[in-house]
Structure formats: C-alpha cells, structure tokens
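Everything below concerns the one structure shown next.
All ligand and atom numbering here is 1-based and tracks the order in the structure. FYI, side chains are in, hydrogens and waters are out, and symmetry mates aren't considered; it's all heavy atoms of this structure.
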Amino acid sequence: MKLIVTGGAGFIGSNFIYYMQEHHDYDILCMDALTYAGNLETLKEAEKNPRYSFVKCDIADRDAVYRVFEDFRPDVVVNFAAESHVDRSIEDPGIFLQTNVIGTQVLLDACRKYGIKRFHQVSTDEVYGDLPLDRPDLFFTESTPIHTSSPYSASKASADLLVQAYHRTYDLPVTISRCSNNYGPYQFPEKLIPLMIANCLANKPLPVYGQGLNVRDWLYVEDHCKAIDMILQCGRDGEIYNIGGHNEMANIDIVKLIVGEIGKSEELITYVTDRKGHDLRYAIDPAKIKAELGWEPETKFADGIKKTIKWYLDNKTWWERIVSGEYCEYYEKMYENR
Ligand code: NAD
Ligand code: TYD
C-alpha cells in the first residue's frame with residue numbers, strides 16, 4: 001500500500017504518520033509545504049523507517065503535485081494540509097482559500113489523473129457553524145447543514161463540497177471526516193491548549209477570549225488518527241463521518257485545569273477582547289462512526305491532558321524553538337493591544 005499524507009509535518013498529520021507506521025507496513029510519503037506550522041523536527045523518528053519519505057510540495061502547485069503523483073503512484077491520499085488557525089483566517093483569509101480550496105482541488109485532479117483507491121479529506125466540525133450554549137441537547141450530525149462562521153471554516157466547507165462533487169461527477173472514491181478539536185503532542189503553540197501550557201510554564205499571561213464560556217468538544221489526537229485509519233479500511237465511498245468523543249468543556253475550565261495541573265496561580269488568567277464571530281459551542285454526535293465502524297475514543301480527557309502537559313514539559317526545546325521564531329511576531333500582533 002502506498003499512502004500520501006499531505007500536511008504530515010503539522011500537528012495531526014505527524015501524529016497520523018506515527019500511528020500508521022506503528023499499525024501498518026505501508027510506504028508513506030509525507031507531502032508538506034513546510035509553512036510556519038510545518039516542522040520537520042517532528043518527523044525525525046518517522047524518518048528512521050525505510051518505507052517513509054518526504055517531499056516539500058505545496059498542494060496548490062499543480063505541476064509539482066502531478067510530479068509527485070507520477071513518481072510515487074499512491075493508492076491512498078489523506079489530505080491534512082491546510083491553513084488551520086481561525087484567528088489567522090480572520091486577519092488574512094486569502095491564503096486559506098488558496099491552500100484549503102485550490103489545494104484540495106489540485107489534489108482531487110491529481111487523484112483523477114493518476115487513479116487512486118481512496119482520497120480522504122480531513123475536515124472539521126467547524127463546517128457546521130455553532131450551537132447555542134443553552135441547548136445541551138443539540139449535536140452536530142452528518143446531516144446538519146453547513147453554516148460556516150469564519151474564513152477558515154468557510155474554506156474547509158468549500159473543500160468538502162468539492163470533494164463531494166468529484167465523487168458525484170467523476171466517481172472519485174472519497175471519504176470525508178469531520179472531527180472536533182484535537183489536543184496532544186506536536187500541536188503548534190498558537191492553539192488554546194498548547195498556548196496555555198507554554199505560557200503557564202513561562203509565567204506569561206493566559207489570554208482567555210471574552211468570558212471564556214465558549215465550549216469545545218476535545219479529542220485526544222491519537223483517537224482521531226485511529227478513526228481515520230478505520231475509515232480508510234472500512235468506510236464507505238462518498239460518505240461523511242463525524243468524529244468526537246462527547247467531551248465538551250468551556251475554555252475557562254480548560255485553562256483553570258491546566259493552571260492547576262502545572263501548579264501555577266489563576267492570577268495568570270487574563271480576559272482579552274473576544275474573537276470576531278466567535279463560535280459558541282461545538283458538539284459532535286459520533287453515533288454513525290460508532291455504529292458503522294465500531295470506533296470509540298480510548299483516551300479520557302483527564303488522562304490525555306496529563307499526558308499532553310507532560311509531553312510539553314519533556315519536549316521544551318521543540319516548542320521553545322517555535323515560540324522564539326517568527327511566531328513571536330505573530331504573537332505580538334495578535335495579543336499586544338487586545
Ligand atoms: P497544522 O496547522 O498543525 O498543520 C498543517 C500542515 O499543513 C503543516 O505541516 C503545514 O506546513 C502544511 N501546509 C499548509 N499549507 C500547505 C500547502 N499549501 N501545501 C502543503 N502543505 C501545507 O494543522 P492541524 O491542526 O494538524 O490540522 C490538520 C487538518 O485537520 C487540517 O485540515 C484541519 O482543518 C483539520 N482539523 C484540525 C483540528 C484541530 O483541532 N487541530 C480539528 C479538526 C480538523
Ligand atoms: P483554538 O485552539 O484556536 O481552536 P478553534 O477556534 O478552532 O476551536 O481555540 C479554542 C477555543 O479557545 C476557542 O473558543 C477560542 C479560545 N481561545 C482563547 O480563549 N484564547 C486563546 O489564546 C486562543 C488561541 C483560543
């Protein structure tokens with residue numbers, strides 16, 4: 001089996017490469033443009049496997065993508081490559097459309113041209129928009145209408161529609177997964193959990209947007225990887241699968257929990273101006289993937305968050321290098337007068 005993993009130098013893609021190396025004997029090619037979010041250091045253990053290779057390639061660069069497909073001839077393509085941060089999409093939407101929409105289209109065209117057994121699109125629960133805070137009975141199912149809020153979610157929803165169109169029009173074998181918020185090792189410290197851990201360790205303020213009451217549905221990254229693997233093995237062509245573990249928490253509770261685990265003072269918590277268009281609540285109904293594929297999350301949040309904090313403590317050089325680089329300028333811009 002020959003597998004292309006796009007965006008494999010990012011958070012979930014790298015965890016997926018490690019997961020697949022552990023559970024299968026595939027030829028894996030990581031295709032990544034190495035944007036600010038891609039880090040080859042993350043993959044240094046994966047590189048020891050002789051069946052692993054890497055190519056630096058922008059998924060929106062048609063000629064380059066076709067060359068990679070021509071050489072490697074993949075059976076399966078899993079597309080993680082994306083601009084993934086909502087706050088950045090609010091600042092500058094253009095690159096989100098370029099990578100997330102045009103990039104996906106180029107990959108779909110390459111899949112048509114060279115033939116594949118499966119194209120899997122890694123999407124997000126954010127395509128469903130948000131749910132009200134006072135209706136805990138409501139969840140996103142696969143038939144919840146798309147109703148996006150941010151340029152990020154709009155670009156991901158557009159990509160999903162293209163994937164479905166290529167299935168219907170060209171019979172391309174595709175699947176789509178829509179997962180809730182992930183956490184775990186190798187997550188770039190601009191997202192809530194790793195940012196709070198890194199700031200806590202550095203005794204820096206913990207910037208909570210608004211009142212911190214927005215709710216996210218957290219899943220340990222390895223459980224997401226396992227779900228995608230199961231979809232590749234047994235998922236039905238043309239289908240969408242929601243992935244989530246019924247673990248909803250308000251942001252402020254996550255931040256307080258991290259502060260407590262690390263043993264710092266809650267005085268570090270600083271309430272800052274809310275995100276524009278901030279989605280209130282995400283909550284996945286995972287009934288379909290459970291019933292059809294038997295997937296269930298294995299890691300409870302209480303254990304996963306401890307493992308994650310320990311990972312950031314044990315791997316300080318990994319994130320300190322990031323925090324000291326270009327990311328610093330981004331951080332100043334996003335938080336200085338907030
Ligand atoms: P990430 O930002 O950590 O990684 C993205 C990777 O894609 C990076 O390695 C980057 O270099 C690469 N990339 C960006 N533009 C590229 C381009 N034009 N060509 C090739 N590579 C490019 O993102 P992540 O959190 O690992 O998310 C991966 C995927 O999962 C995304 O599609 C995202 O929408 C989806 N997703 C993420 C979450 C989450 O909680 N992080 C939840 C659900 C779905
Ligand atoms: P984030 O990790 O950016 O994921 P998403 O917006 O895609 O769900 O943010 C998770 C939640 O945490 C979201 O409600 C915004 C909030 N948040 C903060 O309060 N402070 C921060 O510094 C960040 C990055 C996020």
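- The shortest N or O to N or O distance between F188 and ligand 1 is not under 3.5 Å.
- Contacts with ligand 1 closer than 4.0 Å are made by heavy atoms of both the backbone and the side chain of F11.
- Closest to atom 32 (O) of ligand 1, if we only count protein heavy atoms, is K156 NZ, 2.6 Å.
- When D130, L213, L192, N214 are ranked by how near their heavy atoms come to atom 2 (O) of ligand 2, first place goes to L192.
- Residue R216 holds the heavy atom nearest to atom 8 (O) of ligand 2 of all those in R216, R281, H278.
- Distance from atom 21 (N) of ligand 1 to its nearest protein heavy atom, with residue and atom name: A33 N, 3.1 Å.
- When non-hydrogen atoms are compared, ligand 1 lies under 4.0 Å from the backbone of S180 (N, CA, C, O) but not from its side chain.
- For E45 and K48, the salt-bridge test passes: some basic side-chain N is under 4.0 Å from an acidic carboxylate O.
- Listed by number with element, the atoms of ligand 1 under 4.0 angstrom from any heavy atom of A81 are 7 (O), 20 (C), 21 (N), 22 (C).
- Across L34 and N39, no two heavy atoms sit closer than the pair CD2-N, 4.3 Å.
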*Can H24 and D229 be said to form a side-chain hydrogen bond (donor to acceptor under 3.5 Å, both in side chains), step by step?*
CA-CA 10 Å; H24 302 278; D229 186 23; 2.8 Å; yes
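- Considering backbone and side-chain N/O atoms, P207 comes within less than 3.5 Å of an N/O atom of ligand 2.
- Counting heavy atoms under 4.0 Å from ligand 1, residue D125 does not touch it at all.
- Here the side chains of V221 and P185 are in contact, with some heavy-atom distance below 4.5 Å.
- For P151 against S89, the heavy-atom pair with the smallest separation is CG-O, 3.4 Å.
- Ring geometry for Y312 against W319 counts as tilted: the plane angle lies between 30° and 60°, on a 0 to 90° scale.
- Applying the 4.0 Å criterion to heavy atoms of S84 picks out, from ligand 1, the atoms 1 (P), 2 (O), 23 (O).
- Within the 4.0 Å heavy-atom criterion, neither part of D279 lies near ligand 2.
- The residues E126 and K156 are annotated as not salt-bridged, no charged nitrogen and carboxylate oxygen being separated by less than 4.0 angstrom.
- Of all the heavy atoms of V272, none lies under 4.0 Å from any atom of ligand 2, so neither backbone nor side chain is involved.
- Considering L201, L195, N203 in turn, L195 is the only one that fulfils the side chain to side chain contact (heavy atoms under 4.5 Å, CB included) rule with N199.
- Y166 and D109 share a donor-acceptor pair across their side chains, judged by distance under 3.5 Å alone.
- For ligand 2, none of its N or O atoms has an N or O atom of Y282 under 3.5 Å away.
- Of the candidates N251, N181, N199, T124, N251 brings a heavy atom nearest to atom 12 (O) of ligand 2.
- Where the criterion is an N or O separation shorter than 3.5 Å, residue side chain and backbone included, Y209 meets it with respect to ligand 2.
- Salt bridge annotation for K2-D27: absent, with no cationic side-chain nitrogen under 4.0 angstrom from a carboxylate oxygen.
- Protein heavy atom in closest approach to atom 18 (N) of ligand 1: D58 OD1, 2.8 Å.
- Ligand 2 lies out of reach of Y152, whose nearest heavy atom is not under 4.0 Å from it.
- Nearest non-hydrogen protein atom to atom 9 (O) of ligand 1 is D32 OD2, 2.6 Å.
- Environment of CZ in R51: crowded, with over 12 heavy atoms of neighbouring residues, nucleotides or ligands closer than 6.0 Å.
- Taking all atoms of both residues into account, the shortest heavy-atom contact from R281 to R135 is NH1-O, 3.0 Å.
- When each atom of ligand 2 is checked for a heavy atom of K191 under 4.0 Å away, the hits are 2 (O).
- For atom 35 (C) of ligand 1, the nearest protein heavy atom (residue, atom name, distance) is V122 CG1, 4.0 Å.
- The shortest separation from a heavy atom of C57 to ligand 1 is under 4.0 Å, placing the residue in contact.
- Counting protein heavy atoms only, atom 10 (C) of ligand 1 is closest to T35 OG1, 3.3 Å.
- Ligand 2 places these atoms under 4.0 Å from at least one heavy atom of H85: 3 (O).
- Of all atoms in ligand 1, numbered sequentially from 1 with element shown, those under 4.0 Å from a heavy atom of S123 are 43 (C), 44 (C).
- In this structure, K226 forms no cation-pi arrangement with Y19, as its terminal cationic atom is not both closer than 6.0 Å to the ring centre and no more than 45° off the ring axis.
- With a 4.0 Å cut-off on non-hydrogen atoms, E190 touches ligand 2 through its backbone and not its side chain.
- Put simply, the residue from D25, V5, L232 that forms a side chain to side chain contact (heavy atoms under 4.5 Å, CB included) with M20 is L232.
- Residue-ligand proximity: T6 is placed with every non-hydrogen atom at 4.0 Å or more from ligand 1.
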*How far apart are the C-alpha atoms of Y36 and R88, what are their side-chain angles, what is the distance that settles it, and do they pass the side-chain hydrogen bond (donor to acceptor under 3.5 Å, both in side chains) test?*
CA-CA 12 Å; Y36 80 95; R88 286 183 188 258; 3.1 Å; yes
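- When only interatomic distances are considered, the shortest N/O to N/O separation between R275 and ligand 2 falls below 3.5 Å.
- Close approach to L195 involves these atoms of ligand 2, each under 4.0 Å from a residue heavy atom: 22 (O).
- Under a 4.0 Å N-O distance rule, the pair R118/D237 qualifies as a salt bridge.
- Residue contact annotation: C179 has a non-hydrogen atom under 4.0 Å from ligand 1.
- Using a 30° and 60° split on the angle between ring planes, H246 and F139 fall in the perpendicular class, above 60°.
- With hydrogens left out, the protein atom closest to atom 33 (C) of ligand 1 is Y152 OH, 3.5 Å, a heavy atom.
- Some N or O of E126 is nearer than 3.5 Å to an N or O of ligand 2, by distance alone.
- With hydrogens left out, the protein atom closest to atom 22 (O) of ligand 2 is Y335 OH, 2.6 Å, a heavy atom.
- The shortest heavy-atom distance from G8 to ligand 1 is not under 4.0 Å.
- Classification of D303 and K307 as a salt-bridged pair fails, no side-chain N sitting under 4.0 Å from a carboxylate O.
- Checked against a 3.5 angstrom limit, the closest N/O atoms of V208 and ligand 2 fall outside it.
- Comparing T99, N182, N181, I59 against atom 15 (N) of ligand 1, the shortest heavy-atom distance belongs to T99.
- Contact annotation: F80 has at least one heavy atom less than 4.0 Å from an atom of ligand 1.
- With hydrogens and angles left out, the side-chain atoms of N79 and T6 include a donor and acceptor closer than 3.5 Å.
- Between F69 and Y114, the ring planes are tilted. Angles from 30° to 60° get that label.
- Scanning the protein heavy atoms around atom 37 (C) of ligand 1, the nearest turns out to be I12 CD1, 3.4 Å.
- Atoms of ligand 2 found under 4.0 Å from any heavy atom of V86, numbered from 1 in the order shown, are 6 (O), 7 (O).
- Of the candidates T273, N251, D87, D87 is the only one forming a side chain to side chain contact (heavy atoms under 4.5 Å, CB included) with Y209.
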